[in-house]
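Single-structure report; data block below.
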Amino acid sequence: MKFLIENAKRAQTFLSSRICITSLGTDINNVNVVGGADVSYKKDWGCATAVAYNIKSDSILSYATYCDKVSIPYIPGFLAFREAPLIIKALNKLLNKVHIEVLFINGHGLAHPRKFGIASHIGLIFNMPSIGIAKNLLYGDIVLRDNREAIVVENTVVGYVLVINSHRIYVTIGHRITADEAASLAMRTWKKGYALPEPIRLADEISRKEVKKSAANL
DNA sequence: GCGACAG
DNA sequence: ATCTTGTCGC
């Protein structure tokens, strides 16, 4: 089936109504395992990596990868249609081994033209709490609130801009979590000196090595 | 038409 | 995202 922008837009608009901006339920301080997912490429060959990171022991519990040829190009606002197929496969392999309490996705959640970025997309598919972690803003306004830079979409705070020295990241609600919880978890797993929180940084690092390994098969 | 534009 | 070695800056 061919990828059509108009169909993708309708799907996103419809699915965004299923997103929950509810509290994680458990106290942020009791979260132990956070997942992280990212994709790296070589031309049209992509490798997705899903990692399970233990906050308390500051170590990777497990990880899984999945590589395949991608046919849909990167189009701002439709990243999920390109990357989700790979992430879903890698995530299923990971979940077959370990349990994760919340998932970080490289990209946005509700800071999206139709409030359905890849973090919301993946979170909804797995019915799991998810958070979008991005290095650049795609959509939304930055507003100062209580001395913090909030990301606002349709008069709703969907996330926050987090800063550590020269690094800036955009953290937004994916699914089943609040903006404050998302920001707290991202900050809690973000080590000084790195551009991204550990779960995402590790997924990025592993997928980059993986794409080089599988590059020999091309 | 012009500018913006996750990875 | 990716192409890419050494090099300038915090």
Side-chain angles (χ1 to χ4, degrees), chain A residues 3 5 8-9 11-13 15-16 19 36-51 65-91 103-124 130-142 149 151-153 158-175 179 182-183 186 191-197 199-216 218:
Chain A
F3 173 73
I5 296 286
K9 278 187 182 175
Q12 293 178 324
T13 300
L15 294 171
S16 68
I19 291 299
D38 188 33
V39 183
S40 289
Y41 303 88
K42 175 163 189 183
K43 295 292 185 64
D44 57 354
W45 183 254
C47 286
T49 298
V51 311
T65 63
Y66 183 81
C67 303
D68 199 356
K69 178 182 172 156
V70 291
S71 53
I72 298 174
Y74 165 65
I75 301 171
F78 303 93
L79 174 66
F81 293 90
R82 173 178 169 79
E83 303 193 336
L86 299 181
I87 293 176
I88 290 168
K89 293 278 184 45
L91 195 49
L103 178 67
F104 284 10
I105 296 285
N106 196 339
H108 290 289
L110 297 185
H112 178 278
R114 289 163 293 285
K115 294 182 299 208
F116 201 67
I118 191 167
S120 298
H121 195 121
I122 298 294
L124 184 65
S130 65
I131 297 170
I133 306 285
K135 293 188 291 294
N136 296 93
L137 186 64
L138 166 70
Y139 186 82
D141 301 308
I142 304 301
E149 290 187 272
I151 301 170
V152 177
V153 171
V158 299
Y160 292 98
V161 177
L162 267 37
V163 178
I164 288 186
N165 295 337
S166 61
H167 298 297
R168 252 175 104 75
I169 61 173
Y170 299 81
V171 178
T172 58
I173 296 168
H175 184 47
K191 293 182 177 181
K192 190 175 180 181
Y194 291 105
L196 297 164
I200 290 294
R201 184 185 74 76
L202 293 165
D204 175 79
E205 182 178 69
I206 295 170
S207 61
R208 218 171 281 202
K209 290 177 182 173
E210 196 62 29
V211 84
K212 289 192 175 182
K213 276 171 53 181
S214 56
L218 301 179

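Residue numbering restarts at 1 for every chain, and letters A, B, ... go by the order of the sequence lines. Values in this document were obtained by computation on a predicted structure and should not be read as measured data.
- By the ring pair (Phe, Tyr, Trp, His ring centres under 6.0 Å) test, A/H108 pairs with no residue at all, sequence neighbours left out.
- A/I87 contributes atom CD1, which lies 8.0 Å from atom CG of A/L103 (distance to the nearest 0.5 angstrom).
- For the salt bridge (Lys or Arg N to Asp or Glu O under 4.0 Å) test, residues two or more places apart in sequence or in another chain that qualify with A/K69 are A/D44.
- Scanning all heavy atoms of the two residues, the minimum distance from A/I105 to A/I200 falls at C-CD1, 3.7 Å.
- If you check every strand for non-hydrogen atoms under 4.0 Å, A/D38 touches sugar and phosphate atoms only.
- Between A/G36 and A/A203, the shortest heavy-atom distance links the atoms O-CB, 3.8 Å.
- Salt bridge A/K213/A/E210: present, at least one basic N to carboxylate O contact under 4.0 Å.
- A nucleotide of DNA chain C counts as in contact with chain A when one of its atoms lies under 4.0 Å from a heavy atom; the first and last such, 5' to 3', are C/dA1 to C/dT2.
- Nearest heavy-atom pair across A/G123 and A/S130 is CA-OG, 3.4 Å.
- Counting all heavy atoms, side chain and backbone alike, A/V211 lies closest to A/C47 at CA-SG, 3.5 Å.
- For DNA chain B, the residues of residues 110-121 of chain A within the heavy-atom distance limit of 4.0 Å (strictly under) are A/H112, A/G117, A/I118, sorted by number.
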- prompt: If pairs are Watson-Crick or G-U with both distances under 3.5 Å, what is the dot-bracket string of DNA chain B, marking crossing pairs with [ ] and pairs to another strand with |?
  reply: .......
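- Reading DNA chain B from its 5' end, the first and the last nucleotide to sit under 4.0 Å from a heavy atom of chain A are B/dC5 to B/dG7.
- To the nearest 0.5 Å, atom CZ of residue A/R201 and atom CZ of residue A/F104 are 13.5 Å apart.
- Taken from OG1 in A/T49 to CG in A/N106, the straight-line distance is 11.5 Å, to the nearest 0.5 Å.
- By the ring pair (Phe, Tyr, Trp, His ring centres under 6.0 Å) test, A/Y194 pairs with no residue at all, sequence neighbours left out.
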Tabulate below the donor-acceptor pairs under 3.5 Å that side-chain atoms of residues 163-170 of chain A make, not counting sequence neighbours, or state none.
from   : atom 1 : to     : atom 2 : distance (Å)
A/R168 : NH1    : A/E149 : OE1    : 3.2
A/R168 : NH2    : A/E149 : OE2    : 3.4

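- When atom types are taken as modelled, the side chain of A/R82 and the backbone of A/I72 share a donor-acceptor pair closer than 3.5 angstrom.
- Distance check, rounded to the nearest 0.5 Å: NE2 of A/H175 to CD1 of A/I131 gives 12.5 Å.
- Residues A/L86 and A/C67 come closest through the heavy atom pair CD2-C, 4.4 Å.
- By the ring pair (Phe, Tyr, Trp, His ring centres under 6.0 Å) test, A/F116 is found to be paired with A/H121, residues two or more places apart in sequence or in another chain being considered.
- Between A/F81 and A/F3, the ring planes lie tilted relative to each other; the angle falls in the 30° to 60° range.
- Looking at heavy-atom distances under 4.0 Å, A/S40 makes contact with sugar-phosphate atoms alone, never a base.
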Structure string for DNA chain C in dot-bracket form, Watson-Crick and G-U at under 3.5 Å, | interchain: ..........
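- Considering only residues two or more places apart in sequence or on other chains, A/K191 meets the salt bridge (Lys or Arg N to Asp or Glu O under 4.0 Å) condition with A/D58, A/E198.
- Annotation: proximity of residues 69-78 of chain A to DNA chain B (heavy atom, distance under 4.0 Å) is found for A/Y74, A/P76, A/G77, A/F78, numbered in ascending order.
- Within the nucleic acid shown, A/K135 comes within 4.0 Å of sugar-phosphate atoms alone, with no base atom in reach, counting heavy atoms only.
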